[in-house]
Amino acid sequence: MNNVKNSKGVEFMKDMKRLFGYMGPYKKDMILGALFVMIETGFELFIPIMISNLIDIGVANHDVNYIYVKGVQMALLALGALVTGLLYAHFSAKASYGWGAEIRKAEYARVQQYAFSNLDHFVTSSLITRMTTDVNVLQNMIISGFRPITRGPSLLIMGIGLSFYMNPKLAFVFVVCTPILAIILFLIVRKVAPMYTRLQSIMDRLNQVVQEGLTAIRAVKAFVRDEYEEDKFEEVNHDMARSSETTFHYAVLNLPAFQAVMYTTIVLILWFGGNMILKSELAVGNLTGFLSYVMQVINSLMMLANVFLLLTRSLASAHRIAEILDEDIVLTSPENGIKEVKDGSIDFNDVSFKYRADAREYALENVNLHIPAGQTIGVIGTTGSAKTTLVQLIPRLYDATKGTVSVGGVDVRDYDLTALRDSVNITLQKNVLFSGTVRDNLKWGNPDADDETIWEACRAACADEFLNRMPKGLDTMLEQGGNNLSGGQKQRLCIARALLGKAKILIFDDSTSAVDTATEKKIRKALASYQDVTKIIIAQRITSVMNTDQIVILDDGKIHKVGTHKALLAHDSIYQEIYASQMKGGDSDGSEE
């Protein structure tokens, strides 16, 4: 058990050492901060000696001039300590916040490189906590801990050294009291260390509950689940409070331990020192100065204990951050990857896929499919038949577990990822819009698109119908997630964004489910004009795919049948069943064009 704890401790320290590598240009500020702390400590340590001399020489001999001189010298030392303390605060703050910014930058850049399978390893709320709360913990360690970790050892070593210099006999009190305090503080830190790790995990859960509750607030109100969500929040919030209470219950024990040892030491020094004064073995000024060193030495131990508590919590946060940075990127561009996609032809050759290596069953199994360039393909199937999984292999959002997926006659793994994904525009099942103007959102499809090109794409997606009614048109501001738009409006904007790109393959993953059939018919006609582009339409409604060149029927991760609407309607029982259930009563917009 101890070996496991020791190995974890070593691992956590490695994580911290690695993160300090991101200090980069702020190392100079850290060094200057440490230098100013040591100078400040030196100023403060000379003051007790001067107090001792002032009392034993100036006051004892009624030498007013000597008292003034020493008073001015102490004032200068105090001023020097103040100035160097302020300089330390400036440089430590600069180093701390700069370091935190570099770590967040590295985390965010790493997450942007993640494949979908990498993102599956982390809950969104946990990623947010690791980029905010955990980084703040590290910053607080520098701001609150760097001064004592630099100042503490200096005060401890120099304070004990100077106390032995002033009176070796009396200084032996430290030999007894200091180790006792050190042992007590060590036991407290050892107890609290694992509690901080659990505290951060509970913070993840709390953030997740809050994020889900706020994101789905409309659904919560629609289903009158307010009390259920409140109870769920209350449970994790109470767990957070209870864990925090337990953690800090032990953490604050360092204060009474410090006070008990400090006052015991003072009483012992006063006892022994008083007897020495009575025997004329010690001057009053020496005892006064000596007591100042007692306070400084005990304070230094207290500082180090607080630093260890901060460090303990920081190590847990450092490990969580390192997990993001150390996550192996599953999908990367090959060296000298192909940067041009010849055409939009797609081939699945004996493709099988599962989301996790240890999964028992494949999500897709033995898929063989050829899609010529420029064709329009419909994909239908029951919920869970892996329709979305199939198309996600084309832009290499996931890699096939077995077999190969080819685009333009080339294995997708041989392409430069940027080049491949620029050639495949996909409208995901969940509409994704960002806060900002409509124009800003649409330019994700093509950053260089002018307004005329944007309006052309909007007309093809029938988005111009509602944009023309908005006073600001393309400059209309969207809320986060496009919450000020209806579901159908969001879908049409996402389609327009996909059409703006210069892709050779367009994938629409159930992207017209919230659009009425008349508008969907207009969109289908507009898409037909993109003759050199391969179009894949995933849909639940048979009217969305019945006029495509080929229809692929997926069933439980396998291709059940491929054919035209007429052929499937004549010979395939599954297609006939879907057609009969959806077209009962007739649908003028579903008629062949």
Side-chain angles (χ1 to χ4, degrees), residues 28-96 142-167 170-171 173-174 178 181 255 258-259 261-263 265-266 269-270 273 277 282-307 310:
K28 180 182 176 183
D29 298 298
M30 285 282 288
I31 294 169
L32 286 172
L35 179 63
F36 284 121
V37 167
M38 287 188 283
I39 294 172
E40 178 193 17
T41 305
F43 283 145
E44 291 181 0
L45 284 170
F46 277 109
I47 292 176
I49 295 177
M50 292 188 174
I51 291 173
S52 174
N53 292 335
L54 187 146
I55 293 172
D56 291 339
I57 299 173
V59 175
N61 297 325
H62 304 288
D63 189 341
V64 177
N65 186 54
Y66 186 86
I67 293 173
Y68 281 146
V69 170
K70 288 299 174 185
V72 170
Q73 288 176 349
M74 284 191 290
L76 290 173
L77 286 174
L79 181 62
L82 175 64
V83 172
T84 50
L86 290 172
L87 288 170
Y88 154 76
H90 167 75
F91 287 110
S92 67
K94 188 177 177 182
S96 171
I142 297 295
I143 291 175
S144 304
F146 185 63
R147 177 186 175 89
I149 198 65
T150 309
R151 181 182 169 87
S154 304
L155 279 174
L156 184 64
I157 295 168
M158 295 172 69
I160 292 177
L162 288 169
S163 62
F164 271 95
Y165 166 76
M166 290 184 72
N167 194 298
L170 209 53
V173 174
F174 288 126
T178 304
L181 180 59
L255 182 59
F258 158 72
Q259 289 177 333
V261 174
M262 180 183 69
Y263 290 125
T265 305
I266 290 172
I269 287 173
L270 287 173
I277 289 172
L282 182 69
V284 175
N286 278 348
L287 181 60
T288 305
F290 197 89
L291 285 171
S292 296
Y293 286 126
V294 170
M295 296 298 293
Q296 287 177 341
V297 169
I298 300 296
N299 268 319
S300 68
L301 284 174
M302 185 64 181
M303 285 180 189
L304 291 174
N306 288 332
V307 166
L310 281 171

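We number each residue from 1, following the sequence as shown. All values reported here derive from a predicted model rather than from experimental measurement. Side-chain atoms are counted along with the backbone in the values below, which use heavy atoms only and exclude waters and symmetry mates.
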> Which pairs pass side chain to side chain donor-acceptor pair (under 3.5 Å) with one or both residues in residues 65-87, sequence neighbours excluded?
Replying inline: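 Only Lys70-Gln73 qualify under side chain to side chain donor-acceptor pair (under 3.5 Å).
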> Do you know which two heavy atoms are closest between Ala81 and Glu40, and how far apart they sit?
Replying inline: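 For Ala81 and Glu40, the tightest heavy-atom pair comes out as O-CG, 3.5 Å.
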What pairs with [X] under side-chain contact (heavy atoms from CB on, under 4.5 Å), at least two apart in sequence or on another chain?
X: Ser96; result: Gln139, Ile142, Ile143
X: Leu77; result: Phe43, Phe46, Ile47, Met50
X: Leu35; result: Ile39

Separation of [Y] [atom2] from [X] [atom1] (nearest 0.5 Å):
X: Lys28; Y: Lys94; atom1: NZ; atom2: NZ; value: 7.5 Å
X: His90; Y: Leu32; atom1: NE2; atom2: CG; value: 9.0 Å
X: Leu87; Y: Ser92; atom1: CG; atom2: OG; value: 10.5 Å

